[in-house]
J.: 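I'd like to ask you about the structure that follows.
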Amino acid sequence: TFCHTADKYYNKPQWASIERLEQEMEMFGQKYRGRHDIRLFLADNNFGMFKQDLDFAKIVRKVQEKYNWPRYIDVTTGKSQPGNIVKVVNELKWGLVTTASMQTLTGDVLKNISRKNLKYEDYLYLQEQSKLHDRTSSTELILCLPGETYVSFLNTIKQMIDSGIEQLIIYTLMNLNGTPLYEQHKKTPKIISKYRIVPRQFSKLGNDYIFDTEEVIVQTPTFSYEDYLEIRGLAFVIQTVYNASNFPELIDFLKENNISIYDWLIDIHKKIKLRADITTEQLSSFLWETEQELWDTEEDLQNFYSKDQNYNQLISGELGGNLLSKYTYLSRLNGFQAWLDISLDSAKSLLFKSDKPLSKIKIETLMNDFRTFFTYSRDLGRLFKDDDLLASIQKEPPVIKLTYDIPSWSNTVDLSSLLKFQKNHGNYSMQYSEEQITNIQTIASQNPNEQSVKLQYILRGHSRDFWASGVKQ
């Protein structure tokens, strides 16, 4: 009831001919050969469910092999037919995140929106197959659905995290005119809606300003505005620490020691509020912008952005962007070390309290190893802000020393105990492939606005393409 594609108009899909798709992909491949900074967009909300999708995936695969493009594909996979989706995803060389949108797991809320989720066993199957074929698994939740409460939504987040999903994206409910939910909201008291600009959707034609706006729900009878802001803050922490895949080895180690990843994320969120560093500043700025982007009426929004100085801020990206993407980018480019510190501090405190017997010395040693390994393999700010550093790394890759063999352990299929890999400790050369260097240089050479937009996308599930590999010496 909340989505425009639920309308009967969208029930009968249409496909272009195979010949046309082959010609178009060949044309794009020739034009964008090797350009990993340019993605392929597909206008399909349920990609992968039908035989025609597999036929198209085979065309894309041929172009990927021939032209080394597209590296990234922007599309949403389907909500049923998991077997077909797996076939399509595995046909592609790379580039696709497997998305199984759940929106909520609260039974009464699902009834309120007339939604039937993908069966949980099918959801787990998709996730397992994604990991088996080195694909990222993702799901989406929606804030402020009718009947949802703060507690029930946290329970849904916990269940999703506990399931092992690799990306958890939390959206604000859009109040789309023409949907059954829109009419329901107009009749419901205590519903508060606001208007904001759709990210990067604006233009100026002659003297006329044009803005694409959306109405969003920020309060319901069961979900207060304060709860909305609290979950938005948690969503930023999840996006920065968990979704961006900064520290999967640390996450696997915590799981190995029976530490709840949900508890870890909640603890990080609480700790940030008590600190006085860049993580606190970024969370505060994110929440401030979350409120500032909301307007009581479309007219207020249009009047504000129609002023030249404000419109120029839309062009520069200071205003009007996707805030989760923007602040994930800022956390990685300007605050990586502080986010790493708080993630390790939280992990360490939970391990100290754990029932599993690990000495404090071992925990300290492990956390120091993770800090060293992540600093030299994941800090993208160093790569994109320091041209001399990149040239230096190419000439002579840095060498780090680890007590525990984190690189080898993370590549094992069964992820047996990291402690067993202590015998393989030693020195590791932190290296980037020639293709990685080329992609970094391509993006780094672009103007700041273009660089920001492309990195914001890459950080939504593809950041590992820019990780250094630890080669044992």
J.: Taking His36 as the fixed residue, which of Thr438, Asn68, Thr442 is the one that meets the side chain to side chain donor-acceptor pair (under 3.5 Å) rule?
T.: Asn68
J.: For residues 335-344, which residue pairs qualify under salt bridge (charged side-chain N to carboxylate O under 4.0 Å, His left out), counting only residues two or more places apart or in two chains?
T.: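 Those involving residues 335-344 are Asp341-Arg371.
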J.: Verify, without hydrogens or angle tests, whether Asp369 (side chain) and Tyr404 (backbone) share a donor-acceptor contact under 3.5 angstrom.
T.: yes
J.: Can you tell me which residue pairs pass the salt bridge (charged side-chain N to carboxylate O under 4.0 Å, His left out) test with a partner in residues 309-318, sequence neighbours excluded?
T.: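 Residue pairs passing salt bridge (charged side-chain N to carboxylate O under 4.0 Å, His left out), neighbours aside: none found.
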J.: Not counting sequence neighbours, list each pair that qualifies as a salt bridge (charged side-chain N to carboxylate O under 4.0 Å, His left out) and has a residue in residues 257-273.
T.: Glu230-Lys273, Asp267-Lys271
J.: Within this structure, what is the CG-CD1 distance for the pair Leu350 and Ile363, rounded to the nearest 0.5 Å?
T.: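 Rounded to the nearest 0.5 Å, the CG-CD1 separation comes to 10.5 Å.
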J.: Can you name the closest pair of heavy atoms from Leu344 and Leu250 and give their distance?
T.: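 Heavy atoms only, the tightest pair is CD2-CD2, 3.8 Å.
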J.: Taking Asp53 for its side chain and Gly48 for its backbone only, find out whether a donor-acceptor pair lies under 3.5 Å.
T.: yes
J.: Can you list everything that forms a salt bridge (charged side-chain N to carboxylate O under 4.0 Å, His left out) with Glu249? Sequence neighbours excluded, please.
T.: Arg378
J.: Please work out which of the three classes, parallel, tilted or perpendicular, describes the rings of Phe236 and Trp339, given edges at 30° and 60°.
T.: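 Perpendicular, since the angle between the ring planes exceeds 60°.
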J.: Phe352: which residues meet the ring pair (Phe, Tyr, Trp, His ring centres under 6.0 Å) condition with it, sequence neighbours left out?
T.: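 For Phe352 there are no ring pair (Phe, Tyr, Trp, His ring centres under 6.0 Å) partners, ignoring immediate neighbours.
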J.: Look only at the side chain of Ser331 and the backbone of Thr328, and say whether a donor-acceptor pair between them is shorter than 3.5 Å.
T.: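 Checking the backbone N and O of Thr328 against the side chain of Ser331, a donor-acceptor pair under 3.5 Å is found.
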J.: For the ring pair Tyr311 and Tyr305, is the centre-to-centre distance below 6.0 Å?
T.: no
J.: Using 30° and 60° as the class boundaries, would you call the ring planes of Phe370 and Trp409 parallel, tilted or perpendicular?
T.: perpendicular
J.: Where the side chain of Asn117 meets the backbone of Thr104, is there a donor-acceptor pair that is under 3.5 Å apart?
T.: yes
J.: Gln436 side chain to Ser433 main-chain N or O, any donor-acceptor pair under 3.5 Å?
T.: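 Yes.
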J.: Only one of Gln64, Glu22, Gln23, Glu24 passes side chain to side chain contact (heavy atoms under 4.5 Å, CB included) with Ile59; say which it is.
T.: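 Of the listed residues Gln64, Glu22, Gln23, Glu24, the side chain to side chain contact (heavy atoms under 4.5 Å, CB included) partner of Ile59 is Glu22.
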J.: In plain terms, say whether Asp379 and Arg332 are close enough for a salt bridge, that is, a side-chain N and a carboxylate O under 4.0 Å apart.
T.: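 Salt bridge absent between Asp379 and Arg332.
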J.: I'd like to know if the side chain of Ser349 reaches the main chain of Ser346, judged simply by a donor and an acceptor atom lying under 3.5 Å from each other, with no hydrogens or angles considered.
T.: yes
J.: Sequence neighbours left out, what passes ring pair (Phe, Tyr, Trp, His ring centres under 6.0 Å) with Tyr376? Give chain and number order.
T.: none
J.: Any salt bridge between Glu91 and Arg61, counting N to O under 4.0 Å?
T.: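 Here Glu91 does not pair with Arg61 in a salt bridge, since their nearest N and O are not under 4.0 Å apart.
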J.: Is the backbone of Glu364 close enough, under 3.5 Å, to the side chain of Asn368 for a donor and an acceptor to pair up by distance?
T.: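 Here the side-chain-to-backbone pair exists.
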J.: Would Lys194 and Glu293 count as a salt bridge (charged side-chain N to carboxylate O under 4.0 Å, His left out) here? Give the steps.
T.: CA-CA 9 Å; Lys194 300 283 185 178; Glu293 73 171 356; over 6 Å; no
J.: Decide, yes or no, whether a salt bridge links Glu26 with Lys62 under the criterion of side-chain N to carboxylate O below 4.0 Å.
T.: no
